[in-house]
Amino acid sequence: MDEQTVFLPRAEADRLLEALRGAGFGRILGPVAREGTLLFQPLRRWDDLPAGVRDVQQPGRYRLQEQDTPRCFAWANGPQALKPLTFRPREPIWRAQRSADGQLSFQSTQEDPEPTALIGLRACDLAALDLQERHFMHGRFPDPWFRRRREALFLVGMSCAHPAQTCFCASTGDGPAISRGHDLGMAELDEGYLLWAGTQAGKTLLERLDLDAATAAQRRTVEKETHQAAMGQRRTLPGRHLKQGLYERLQAGHWKDVGERCLSCGNCTAVCPTCFCHMEMDEPALGGDSSEHLRQWSSCFNAEHSFMGHFVVRSDTRLRYRQWLTHKLGSWHEQYGRSGCVGCGRCITWCPVGIDITAEAHALLKEAPDA
Amino acid sequence: MKPRVSVHKFSSCDGCQLAFINAGPALLELAGLVDIVHFAEAGPMDPDAPVDIAFVEGSISTQEEAVRIRRVRESARYLISIGACATAGGLQALRNFNAQGVDDWTRAIYARPEFIESLDKASAISDQVKVDLELWGCPVNAQQVFTAIRRLLFGALPFVDNEKVCQACKRQGIVCVLVTRGTPCLGPVTRTGCGAICPAFGRDCYGCFGPAENPNTAPLSRRFQGLGLMPEDIARRFHFINSQAPGFLEEGRNWDQGTP
Ligand code: SF4
Ligand code: SF4
Ligand code: SF4
């Protein structure tokens, strides 16, 4: 938010969708209340958004409730946001064909993704995308499937005034205000929306909209609500750099404790917006003359993840949970320059048995370091 | 010479054989790649012919079957058991919990019980003979069966995924019914392979693909109790289609007399 921040009255909100379409984004996705949660779905009009809906999240539990507010973003998040759009859950990465004379030919599966605008991304979602970019787009060989889809996106962030009980983005430093990674930033008030640009593309869009400046009072209200949203968060991680603390406790008794409760089901890694592990496999057609090479989301909670030649390195859940936590909160620092957790709380809510990464991290660090 | 394949039926509902028959064009394509020498439900009858791959549906439930499965094993280079009956005894293995055996049941149900020939316990094929590959499910997923055949035809070992249903759920963007509705879903301990059909239709997984790799059933049962299930209901979740499968058998026993 800055001096250039403009105001879009609630009654005119459809103009934003029109402007996005006018800028070439034929596909606009936003949160829609469906199947008891909030899912990113195509938006035709502003009315498709979940006005008056609130999420109630707890470890292992998610419910939507009605509340008396005109606001469409008075909730924290749903199970997924950007990840499945850029890093597909399952996709062919090449196809092979064998001709009658035995020659093999390979075909690329890279699509031309449709330009897509996303409305209602949270600060944690944008921070997570930045981390996924560090993984998929670094070095000399950026992942072409990821990159093409990423480059086709226009990101509209929405400052968060309604964190769930499971959120802790203030503790990781990734939210709740929209401060980076957005093309366009937004914040919601009862009477409408404040908008500000984060990139040149966002600026061009705002020029198209030609709106009045937001008042200083409106900006102050947003600042106050965002501040309250941060202060209202009860969960924390025991620090921003936990690598050493965790590495010094690889033999801690608490790993066994959590290993007994954890189902090694991998829901946490699937909903985590920064987790990127996948497996690759070939699916030959029955006739044997063609084959697809696929990659799909996998998890450090699977046996396959640590299968080496003929044995599974992390054969029990204690070791798998330790891998997840020491990587996410520890060795990510070496790989990507920061922790892999953006505080979205999804792994807590969508864990069938409600295992809470913040509680586990605190419990582990309370133990004495390994001898 | 084309590889020779047979499909054998033991005690079962025939639903897994239907996975072949319903495959339509894929079955015709398969018939071009292999010689199907025995498949009673589809026509060919030659149960003792030597084969490269024998598919076995059904559990061992009678004396005759206990003998016949040995002949199948001897005639096959590679034996694949398909479906919950063959891999874990199936629904009919619920009788295994009756310590008195089946006689009082057959007397109570049938007018002429002397015509009923039944072992006291229904067992998985792997309890009787060596099995080279198990494809779980009630019924099996036809795609999984055809992929396994294709890999064997290439001379490669079939890869059978043993991760949890939850991961298939999440990959397909299905919203978790346990978390959003509090239904007692067995997905977190159940082997993937069905494509998460039940959660896709808003209901809880009831474990028809059997236990996944490394299933941690105890905390899930405690969660079910927290959702309001009575101990005997928890026991029945595990003692159902795959009641005899290691993991499910013990967990059901832990709850059938009350909270452990
Ligand atoms: S570890 Fe959990 S809270 Fe952190 S980013 Fe991943 S899902 Fe969100
Ligand atoms: S922490 Fe929860 S979601 Fe993650 S693997 Fe364990 S039981 Fe599953
Ligand atoms: S619906 Fe069942 S299978 Fe799907 S994620 Fe939830 S617990 Fe797992």
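Given the structure is predicted, the values throughout are model-derived calculations rather than measurements. Reminder, nothing fancy here: chain letters follow the sequence lines and each chain counts from 1.
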If you count the non-hydrogen atoms of other residues, nucleotides and ligands that lie under 6.0 Å from [atom1] in [X], is the total more than 12?
X        : atom1 : answer
A:Glu66  : CD    : no
B:Arg77  : CZ    : no
A:Met281 : CE    : yes
A:Lys256 : NZ    : no

Non-hydrogen atoms of chain B under 4.5 Å away: do they reach the side chain of [X], the backbone, both or neither?
X        : value
A:Leu64  : neither
A:Pro84  : neither
A:Thr349 : both
A:Ser299 : both
A:Glu260 : backbone
A:Arg88  : neither

Under 3.5 Å, is there a donor-acceptor pair between the side chain of [X] and the main chain of [Y]?
X        : Y        : value
B:Arg150 : A:Gly287 : yes
A:Arg261 : B:Pro219 : no
A:Arg63  : B:Thr180 : yes

Heavy-atom check, side chain of A:Leu263 versus side chain of B:Lys164, under 4.5 Å: no
B:Phe159 and A:Asp282, any side-chain heavy atoms less than 4.5 Å apart: no
Go through the atoms of [X] and report whether side chain, backbone, both or neither lie under 4.5 Å from a heavy atom of chain A.
X        : result
B:Arg181 : backbone
B:Leu153 : neither
B:Phe154 : side chain
B:Leu220 : both

Ion pair check, A:Arg320 and B:Glu163, cut-off under 4.0 Å: no
Euclidean distance, A:Phe301 CZ relative to B:Cys166 SG, rounded to 0.5 Å: 12.0 Å
Spatial distance of atom OG1 (A:Thr269) from atom CD (B:Gln167) [nearest 0.5 Å]: 6.0 Å
For chain B, the option from A:Arg90, A:Arg61, A:Gln57 that forms the most heavy-atom pairs under 4.5 Å: A:Arg61
Contact leader toward chain B among A:Gly60, A:Gly266, A:Ala270, A:Gly36, where contacts are heavy-atom pairs under 4.5 Å: A:Gly60
side-chain contact (heavy atoms from CB on, under 4.5 Å) evaluation trace for A:Gln296 with B:Asp161: CA-CA 12 Å; A:Gln296 69 176 28; B:Asp161 218 345; 4.0 Å; yes
Best-contacting candidate, B:Ile174, B:Leu178, B:Asn214, against chain A by heavy atom pairs under 4.5 angstrom: B:Asn214
Heavy-atom pair of closest approach, residues A:Leu286 and B:Leu33: O-CD1, 3.3 Å
Closest non-hydrogen atom pair, B:Arg223 against A:Pro352: NE-O, 2.5 Å
